[in-house]
Structures are given as structure tokens and as C-alpha cells.
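Report on the structure given below.
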Amino acid sequence: MTANNNENTGSQYASKKPKTRRNVHPFKRDVRAKKVIRFNATEEDDHALYERLRTGNTATYKSLKSQADDLLKVRKTLPVFQHKREIMTYIESNPVTVLIGETGSGKSTQIPQFILEQLYDKKKHGSIAVTQPRRVAAINLATRVAQEHGSKLGDQVGYSVRFDNTTTARTRLKYLTDGMLLRELMMNSDLKEYSVVIIDEAHERTVLTDLILGFLKSLMQGTRPDLRIVVMSATLQAEKFSEFFDNAPILFVEGRKFDVTQYYLKAPTDDIVDAVIRCCMQINQGEQLGDILCFLPGQEEIDKAVAIMEKIAKYVSEESPVPLIVPYPLYAALPPMQQALVFAPIKGFKRKVVFSTNIAETSVTISGVKFIVDSGLRKVKVWRHQLGLATLLTVPISQASAMQRSGRAGRESEGKSFRLYCESDYLKLPKQSEPEIARSDVTSPVLMLKRYGIDDIVNWTWFENPGKEAIVMGLQELYELGALDNRGKITKRGEQMALLPLQPHLSSVLIKASEVGCLSQVIDIISCLSVENLLLNPSPEERDDINERRLSLCNAGKRYGDLIMLKELFDIYFYELGKSQDANSERNDWCKELCISLRGFKNVVRVRDQLRVYCKRLFSSINEENEETRKIGEDSDEISKILKCFLTGFIKNTAIGMPDRSYRTVSTGEPISVHPSSMLFLNKSCPGIMYTEYVFTTKGYARNVSRIELSWLQEVVTNGTAVAKQKITSSK
DNA sequence: GAGCACTGC
């Protein structure tokens, strides 16, 4: 994947007709004739750039400066640095510039610094925002750039991510997550402190990045025609960004990476795990030493592959003189300790083989990888608006994704990539993956736009319009939650919901709890729900033991379900284990015993602290004395009150128990099963259930399930009540 | 009888 392969890629877009737009852009006159400018790279290892250098807090100005001088030598070798003047000329003379920089071009660290220098040189006001899709990236980049700039983190250069803000009044260059920039947009609608906004990793097309692009365009057409924007992207999706911003110029900077040779199957395979194992064995026999990274769609395939490999590896290396294969699984739900094993270099005549989900495609980098084995598959969550249901599908990846996966073998030296599909099938793959927003629930984005004051959501400056159906379902949902009135205007409740760092349904639960006086309990539960992978997946051998332990600890949870169980677990973690001197190791042991993520619970406490601060600000009428923190007991009145609060947000996510002990959803009458991870999986005596998630895999599963009484469905008062009532009566 | 990946003043 050198730049040469990309020479003609522009033509794939050539037949696309530019969409006609209703508005004339105020910046149109500045735009130059569109052309793609290429810069060539020099040969050099880019890892010098990313290796971490430590600055203590005690670092003096002089030592910071001399460190920055040393780093300047490294910076000067970067491809972007060598074309600094040309790049800056474009950025200076165009309102929007699209910059395509391959891995190792140094775009994320250097371009923001060039612009910062320019602001200083020209004595201009305002600061620079650089958005990232992930927290770690924002933190690492800011740390590195502060060193290069010769300043302490938080002085001229800082970062802002949830729970962690190092920026000060002096900060001129700010790395932040795109969720954070959206928050800032909600508070300060024209981003007046920034003169330049840089959107990095735009090709990943996360929902939040797409939303920011839309907001920036509408800002430029409205109150901020002076705003400068740089869209930075790794792959060639440049035309779409350029077109969106009225044919902004596209700059191309070559990166520094090594060649990766591609191999394809001659005939397709139908057993992907078997094919992956065979491929690894072949590499192990025929290729030089170097680690293998295998991409598989999900946990099931990964666990299976690891189990098979463990059995074969020892036998094979005893039979013939090949390296001993050491297999590792890697996926997000894996306990962090086990994830960490993947990064340790392996010594001796051995070969590390990592079986991974998409997590290793962008979020996690493993060094030492020389070979890629790519199943060509991934799992995606697709939201079905009509059913209010998420489906988890295994689908073929895109060409861009296949290239990204292959590229993982070329970070340190030349590599090889084995694609377990035919080349003809590769060519049939879509160029890019479908953007996330096209397959997501847009209730939350729609609420953001309403809060921002947009009336006509369908015709907003969407970078990618999710479609009328999705938007209408979002509006309907918000109306039923009481966030919008019957004219579609945002209500006071909606304003509050938009300000809370929660999905609208949970925000609505929180507001209800503040009204009926069980706020602190509900905050604890919602905090647990907000943390992914809090309860980890035990291995099949431990599974029954751990389920048993969890059940025996949570008496109320056993009867009322997962939400109450989460509160019981939180109470033990927070109150009972928090008291002793040795709280940390006690908590650690306890988490291990129950297969709970300790890091997860630490995050729960941070979310809880943040929510408590927000609630104090938002619901000032609430008397704090009545809201003192309390542990949950087994008082059924109190538990009913809490569950009814949840019912106001999740009235649509309810199902009724049938005589044959199955459940059918209230809204559509579809059969639904309690997920086996639920406390209520074995409990067959609930009159009804409420769940926070409805996911279709092999069948429809309810997750985070609670027991409800059918009479509650009629008590809950929201705009949605009428609908629910009608459904209940007609289903009887 | 089962769990793609991120993220929020």
C-alpha cells in the first residue's frame, strides 16, 4: 500500500455527481481549483516519534526547552515537517482544508503545532481544538506535543477528556475527544474561543465525528464564517469531505510504513476458524520468526481458535523443529489482566499468535507483529428503528478495513498479510464501511440538535443524513420521553436531558428519580449501567460458580433482577469494602472472586461523582438531606419506586409473561428471551419484565432485566403512557 | 444457555 497504489483511486469517485446544495457557502470565493497535492516521504523509522519520553513535574523551563530541541531533530525528519510551508499556505488561504496523511506522516502532532506557531507569529487570538475519537489518543498526543513544544502539559498545550481536563487559561492548543467538543457546542454554541478546529481520524466516521462536521458547516454558514477547519483522515475518503465543505482542497502526505505483501485464498472457505488455524500453522512452518495477529469476528470464534491452537501447538513443535506457538485471545470483554498479556514480548524459540476482534484494528497496537491473518469478517451492531432493537451481525469488512488490518503488519518492518478470501471477493467488497450513523439509534443526536435550536432536523447540514425514518423515530422517542412537546419544541425536561452525560432514556429516568425522591439510589444504578464490561464474562469452567456467588450475594437482585443486583454489588464495593485500611486489595480480591472489573467499578465511582455534581446543579430544588446516600435494602416499596423510575424511560422495553413462561414484548408482541447473563435467567415467575437493552443475535434477548408488575405499566406517567396503555389493553 | 468497537461540561 504505497502511495502509488492510490494514484488512480481518485477516479472511483469521478463518476459521482456532486450533490446540489441549497445554500451558498460564504467561503466559496476563497476556494481554489480543486486538486490533490502529494508530498513524498523520506525513509525513517517513525517509532522515535511515539516512544514516550518522561517529563517530571519538577522539570525546569530549561530542561523542557532542551528536550524540545532534541525532539525537533526527530520532528524535522517527518514527512509533514518537510512540507510545512506548502501545507500552511493552503491552510491559511482556505477556510477548510482536507489533509490525507498516512500512518507515520506525523500529521496529528505536527499540523496543530504549525498552526499554533502561525497564531503566535501573526499575534492572532483564539485557540486550536484537535478532536480525537478516543480518550487515550487525545491524552497521548497532548502529552507528546507538550514535550515537543517545550511546555508543561496544561500550559500552551493540554487535553480535555471526560474526568480529566489539563487545560488552563493559558492553553492555546487543546486535544479533546469529539464527545467533549460536542459538549462544548451544547454550552457555547459558536465555539468562540477557537479560531481553528481540526477533526482528526475523520475517516473512522464515528457518530460523534459526523455530528461535529455537520455543526462546523452550519457554524461557518452562520455565526462563524471566520472559523478555520482542517479535516484530517488516514485513507482516501477525501472527496466526500471535500465535497461537503464546498470543494475544499485536498492535500496528500505520504506516510512512513513498510511494504506488506498480500496473499489470498484460491477458493473461499466456509469454516473460518479452521482456515485461520491452518494459515497460522503454515506461517509457523514456512516463515521467519515474528508474531501473528489474526482478525476474527467475535469472542466465540476467538475462544474456539485459542482452544484448538493450545491443543495443537505443543504437539506440532515436538514433532518438527518449528517455533512453539503461544496463542492469546484479545477482545474488550476480557479481564484487563488477560488483555495485558498480549503486549508482553515473547522470548525464545516461540511465536505469539493473537486472536483478536476489531479492537486491534484501531484501538490497540501490538508491537512485533509481522503477519496478519484476516478472516475478512467483523461484527456490527445494527439498529432497527421500527423494532427498537439492536441486531448483532457478522458481516464482511470493507476494503479500507482490510487495508487497515494488513497495515498492522508493516509498522516496524516489512510484513505479510494472509487474507482468507479470494482476491475477486476482495475487489467486490465496499470501498468503505457503512458509517456508524447510518445504522445507529439517533435519539441522542436528535436531542442534541433540538437543544442546539434546530427545528428542521431532516434538512439539517448532516454530513451523512441518517434518513427520515430514523429521525422520525428519534423524534417520536423524545416526545414519549417528554423531551419534546407536541409541536416538536424542546421542553424544560428535554433541556435537562440534553445536558446530562447519559443516553436520553437514562437521563429521563434520572429526572424522574429526582422528582420522586430516590435520586441517589438511581444514580448508583445508572452509573453501573454507564460502564461497559463491568461484569466480565467468566470462562465456561468458572461460569456456574461465579453465577452462584453473584446470586448468593444479592438477595434482592435475585428476586427483582439485574438493576437491583447492580445496586447491591455497588453497595458492597463502595460501602462495605471501602471502610478498611486495606480497601484496595480487599476490593481487588472481591472483584476477582466475582469476575467483576475493578477498573470498571472505579469508573462507576467517577461517573457517580459526575452525575451527583450535575444533579445538584440541575435539580436545585432538591433538598440534599432527603437525598442522603443510602444502601438498598430488601424493602419492596423502595425497590418498586426505583424500578418505576426506570419504567418511565424504558416503558417501550417491556414484555409480558405468557402462560408457557415465555415472554412477549408489549410493543410488538415478538417473543423475547431473558439473556443467560441475567439474574432472572432461571426465574420463570415474573408477571412482566423491563430491560434496558434488546439485542437480536441468535434470537431476541433482553439484557439488564428487571421484574415488573403489570399494574405498573398503567401508573407510569409520560407522553408515552397512552400508547403503552393501549397496547396493554389490546394484548390482553 | 451467551457477550463487535468506541465515547460524554
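Convention: sequence-line order gives letters A, B, ...; per-chain numbering from 1. In this text, all values refer to a predicted model and were calculated from it rather than measured experimentally.
Arg543(A) comes within 4.0 angstrom of a base, heavy atoms only. Residue contacts shown for Asp544(A) include a base, since a base heavy atom lies under 4.0 Å away. Nucleic acid contact class of Met180(A) (heavy atoms, under 4.0 Å, all strands): sugar-phosphate only. In this structure, Asn603(A) reaches neither bases nor backbone, as no heavy-atom distance under 4.0 Å exists between it and the strands shown. Across all strands, Arg378(A) comes closer than 4.0 Å to no nucleic acid atom at all (heavy-atom distances). Using a 4.0 Å heavy-atom distance criterion, Leu502(A) is classed as a base contact. Among the protein residues, Leu499(A) comes within range of the nucleic acid bases, having at least one heavy atom under 4.0 Å from a base atom. Contacts of Tyr701(A) with the nucleic acid, taken as non-hydrogen atoms under 4.0 Å apart, involve only primed sugar atoms and P, OP1 or OP2.
For Glu361(A), the salt bridge (Lys or Arg N to Asp or Glu O under 4.0 Å) partners are Arg405(A), not counting sequence neighbours. Applying the side-chain contact (heavy atoms from CB on, under 4.5 Å) test to Asp270(A) and every residue at least two apart in sequence or in another chain returns nothing. Every residue meeting the side-chain contact (heavy atoms from CB on, under 4.5 Å) condition with Asp660(A), not counting sequence neighbours, appears here in chain and number order: Met658(A), Ser662(A). Contacts of Arg707(A) classified as salt bridge (Lys or Arg N to Asp or Glu O under 4.0 Å), with partners at least two apart in sequence or in another chain: Glu709(A). Every residue meeting the side-chain contact (heavy atoms from CB on, under 4.5 Å) condition with Phe343(A), not counting sequence neighbours, appears here in chain and number order: Val364(A), Ile366(A). Among residues two or more places apart in sequence or in another chain, the side chain to side chain donor-acceptor pair (under 3.5 Å) test is passed with Thr209(A) by Asp178(A), Thr206(A). For Glu495(A), the salt bridge (Lys or Arg N to Asp or Glu O under 4.0 Å) test picks out Arg451(A), with sequence neighbours left out.
In the region residues 354-367 of chain A, proximity to DNA chain B at under 4.0 angstrom, judged on heavy atoms, holds for Thr357(A), Ile359(A), Ser363(A). Within residues 433-454 of chain A, the residues having any heavy atom closer than 4.0 Å to DNA chain B are, in order of number, Glu436(A).
In summary, the aromatic rings of Phe463(A) and Phe241(A) are positioned with their centroids under 6.0 Å apart. A ring-centre distance under 6.0 Å is found for Tyr452(A) and Phe215(A).
Contacts classified as salt bridge (charged side-chain N to carboxylate O under 4.0 Å, His left out) and involving residues 673-683 of chain A (residues at least two apart or in different chains) are not found. Listed by first and then second residue, the salt bridge (charged side-chain N to carboxylate O under 4.0 Å, His left out) pairs involving residues 127-137 of chain A are Arg134(A)-Glu204(A) (not counting sequence neighbours).
When each of Glu532(A) and Pro538(A) is assigned the nucleotide of DNA chain B with its nearest heavy atom, Pro538(A) is the one assigned upstream, toward the 5' end. Remark on DNA chain B: of its neighbouring residues Arg183(A) and Leu392(A), the 5'-side contact belongs to Leu392(A), judged by nearest-heavy-atom nucleotide.
The span of DNA chain B lying next to chain A, judged by atoms under 4.0 Å from heavy atoms, is bounded 5' to 3' by dG1(B) to dC9(B).
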